[in-house]
Amino acid sequence: MSDLRLRIAPSPTGSVHLGLCRTALFNWAYARGRGGAFVLRIEDTDRTRSTAESEAAILEGLRWLGIDWDEGPEVGGPHGPYRQSERVVGHKETVQRLVEAGYAYRCFCSAERLTELREGQEKRKETPRYDGRCRDLDPAESARRAAAGEEFTVRFRVPEGATVFEDLVRGSVRFDHGEIDDWIMLRRDGSPTYNFVVVCDDVDMRISHVFRGEEHLVNTPKQILLYEALGETVPRFGHLPLMLGTDRKKLSKRTGDTALGDYVAKGYPRDAIINFLCLQGWALDGETEVFDTATFVERFDIVDVQKAGAVFDPDKFRWLAGDTIRRMGLADLADAVAPYVVEAGQMSAEGIAARRPWFERLVAGEQERIELFGDFPPRVACFFEADDAVTFDPKAEKNARKHEARAETLQAYLGWLEGRDDLDDPASLGAATKEWVQEKGLKIPALFQPLRCVLTGQPGGRDLFDCVALLGLEATAARIRAGVARLA
RNA sequence: GGCCCUAUCGUCUAGUCAGGCCUAGGACACCAGGUUUUCAUCCUGGCGACGGGGGUUCGAAUCCCCCUAGGGUCACCA
């Protein structure tokens, strides 16, 4: 049994952020690639902002990405509970122990005094920090005041000196203790704060490696000091580069979607989402852009992670999504795209099932033309329009009108078409049509451009005879007749 | 502002730890050409970077220092 243990500890206070997804992926891959354990813990210490819906969304989102956990909500484990709010009894005992040992102390300063203190410091352009008024209160008096019912918080007593640690992605990092405030571990209402519980719980759950976003780097010395006060082994840390928006600031809704759900809704394939996230701060070999999760797990190492922030590139993400779609099997793609067709009101789920071969033909023609599942419905909309009211794109119509004899050509072609029995076979019909065009002494565009306009209203798109096959003789004929009149 | 982190094409990155194999490689985007009935795919080619300055060295994208720039963080949020 390996004692390698990693975790992801999301706070259920909103949507499932892509940054959380990437951090989870990196932790999970490291554990899975080395036979370690992966733990999920819900960090719901902020009782006012945490919601059950958010927690459910996080579990669902992580599972959707293919991330599984050996211990955590819904699966249990020997170090539970895995929801921080259910662990407060242990947390309070630990605080008591630290106060008695002198590593922490009660602070009776009022919120007002602290606010005043901070404002004064800010006005004088000093670094805001606690002035240590309660730091050296006599322990007996402190205990007496607490017993008398006076309200207090508990602060960590940061000692003199400096903390140096070896970050797995950044190397040696040093913080002078003079820069670290005597931070609050226990709030006035008796609830513990993040920096305190995260250490308690990581200790209880025997977490050996902590990979998290760079925004946590400055918390690390506070936490290391706490591990030491507790007499516990300090885990290895690895601080991942931030995912940046196009404004080069921490990825936020300002510059684009940040929630996993947004991308799922638009129809980014799961494999593309995972693949893209892996590429934010890590590269397989610098050459290979596309790889599967198994390869990622096998090849990922925290020491190879980039130190600089990664700007999120929507263009590359879309490209990767399109590339993933192009590599999908037709049946899978049809399944993936079906809900979007239903959503758009083009077909019902039953209708799709009943006309599966037709639907797959419809999908096949778009496979190399869409980048997202959500791109599909608008691109095939013409196949669901009334035969006499197909929407003509201006460019398609202009292309059609370039040909003087369009009406006669279309008319003649329709006559020829009605005598054929290979409308279901685009290759055969296409070849025969080209011969027909030649016999008539026409140029290919003289028939193809008006025909495409009349059939689909689009200036470009899938093979024309694939359109005929999709439409069938009846609709094809109706569209040609209506089109002849409309292009007159 | 203090502290911390970072710095290779517009973007994601390989190369940096073990200095010469780098006239710096790949991908996205962009541009041009080819294939195709059109669009898209696909193929070929092009554009395009070691932030600046000092060192160390026979030799530096790679090591050291300074500067500059960007980011993170300074809550009884996480």
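Numbers restart at 1 for each chain; the letters A, B, ... are given by sequence-line order, proteins then strands.
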**Prompt:** Does B/C39 have OP1 or OP2 sitting under 4.0 Å from an N or O in the side chain of A/R379?
**Reply:** no
**Proximity to the side chain of A/D315 - top-ranked nucleotide from B/U11, B/C28, B/C4** = B/C28
**Asked** Does A/T45 put a side-chain nitrogen or oxygen below 4.0 Å from OP1 or OP2 of B/A78?
**Response** yes
**Message:** I'd like to know if A/E126 reaches the base of B/G2 with its side chain, counting only an N/O donor and acceptor under 3.5 Å.
**Reply:** no
**Request:** Select base, sugar-phosphate, or nothing to describe what A/R326 touches, counting heavy atoms under 4.0 Å on all strands.
**Result:** sugar-phosphate
**Item:** Nearest listed nucleotide, side chain of A/V173, among B/U11, B/A14, B/C4
**Value:** B/C4
**Message:** Taking B/G72 as the reference, what is the distance to B/G26 when you measure between their P atoms (whole Å, please)?
**Reply:** 33 Å
**Prompt:** Parallel, tilted or perpendicular: which fits the ring planes of A/F317 and A/Y263, with parallel below 30° and perpendicular above 60°?
**Reply:** tilted
**Request:** Verify the neighbour count for atom NZ of A/K266: are there more than 12 heavy atoms of other residues, nucleotides or ligands below 6.0 Å?
**Result:** yes
**Asked** When you measure from the side chain of A/K307, which nucleotide among B/U6, B/A78, B/G26 comes out closest?
**Response** B/U6
**Separation of B/U36 C1' from A/F448 CZ (nearest whole Å)** = 11 Å
**Item:** Aro-ring/base stack A/H216-B/G72, d under 5.5 Å, angle under 30°
**Value:** no
**Item:** Under-4.0 Å side-chain N/O to phosphate OP1/OP2 contact, A/R462 with B/U41
**Value:** no
**Side-chain heavy atoms of A/L137 within contact of A/R145, under 4.5 Å** = yes
**Prompt:** Aromatic rings A/F26 and A/F296: how do their planes relate, parallel, tilted or perpendicular, breaks at 30° and 60°?
**Reply:** tilted
**Message:** Quick one about A/D44 and A/S85 (side-chain donor to acceptor, distance below 3.5 Å, no hydrogens or angles considered), yes or no?
**Reply:** yes
**Request:** Kindly indicate whether a cation-pi arrangement holds for A/R155 with A/Y130, taking the cut-offs as under 6.0 Å to the six-membered ring centre and within 45° of the axis.
**Result:** yes
**Within 45° cone and under 6.0 Å: A/R212 NZ/CZ vs A/F237 ring** = no
**Item:** Complementary nucleotide of B/A18, counting Watson-Crick and G-U pairs under 3.5 Å
**Value:** none
**Prompt:** Which one, B/G1, B/C5, B/U13, comes nearest to the side chain of A/T127?
**Reply:** B/G1
**Asked** Which of these nucleotides, B/G1, B/U6, B/U11, is closest to any side-chain atom of A/A308?
**Response** B/U6
**Contact under 4.0 Å: A/K249 side-chain N or O vs B/G71 OP1/OP2** = yes
**Request:** Could you tell me which nucleotide pairs with B/C3 by Watson-Crick or G-U wobble geometry, both distances under 3.5 Å, or answer none if nothing does?
**Result:** B/G72
**Prompt:** At under 4.0 Å between heavy atoms, what does A/E43 touch on the DNA or RNA strands: base, sugar-phosphate, or nothing?
**Reply:** sugar-phosphate
**Asked** Rounded to the nearest Å, what distance is computed from the CG atom of residue A/D285 to the P atom of nucleotide B/G15?
**Response** 9 Å
**Prompt:** Angle class for the A/W416/A/W436 ring planes (parallel below 30°, perpendicular above 60°, tilted otherwise)?
**Reply:** tilted
**Request:** Would you mind reading off the distance between A/D247 atom CG and B/G70 atom P, rounded to a whole angstrom?
**Result:** 13 Å
**Request:** Scan every strand shown for a Watson-Crick or G-U wobble partner of B/G33, both distances under 3.5 Å, and answer none if you come up empty.
**Result:** B/C43
**Item:** Nearest-neighbour nucleotide for the A/W319 side chain, B/A78, B/A29, B/A75 considered
**Value:** B/A29
**Asked** Quick one: which of B/A78, B/A27, B/G2 gets closest to the side chain of A/E179?
**Response** B/G2
**Prompt:** Expressed in whole Å, how much space separates the P atoms belonging to B/G71 and B/U11?
**Reply:** 14 Å
**Request:** State which of B/G1, B/C39, B/U11 makes the closest approach to the side chain of A/R369.
**Result:** B/C39
**Message:** Side chain of A/E289 only, heavy atoms from C-beta on: which candidate in B/G72, B/C28, B/G26 is closest?
**Reply:** B/G26
**Prompt:** Reckon A/G178 touches a base, only the sugar-phosphate, or nothing at all at heavy-atom distances under 4.0 Å?
**Reply:** nothing
**Request:** Answer with yes or no whether A/R452 presents, from its side chain, a donor or acceptor under 3.5 Å of a partner atom in the base of B/U38.
**Result:** yes
**Prompt:** Base, sugar-phosphate, or nothing: which does A/N399 touch, judged by heavy atoms less than 4.0 Å apart?
**Reply:** nothing
**Asked** Taking atom C1' of B/G2 as reference, at what distance in whole Å does atom CG of A/D181 sit?
**Response** 13 Å
**Message:** If you compare every side-chain N and O of A/K250 against the phosphate oxygens of B/U73 (OP1, OP2), does one of them come in below 4.0 Å?
**Reply:** yes
**Message:** Counting the atoms with a prime plus P, OP1 and OP2 as sugar-phosphate, which does A/L279 contact under 4.0 Å by heavy atoms, base, sugar-phosphate, or nothing?
**Reply:** sugar-phosphate
**Message:** Within the 4.0 Å heavy-atom criterion, would you say A/R318 contacts the bases, only the backbone, or no part of the nucleic acid?
**Reply:** nothing
**Asked** OP1 or OP2 of B/A14 less than 4.0 angstrom from a side-chain nitrogen or oxygen of A/Q306, does that happen here?
**Response** yes
**Request:** Please give the nucleotide sitting opposite B/G59 as a Watson-Crick or G-U wobble pair, both distances under 3.5 Å, or none.
**Result:** none
**Item:** Given B/C28, B/G72, B/C3, the nucleotide with the shortest approach to the side chain of A/F175
**Value:** B/C3
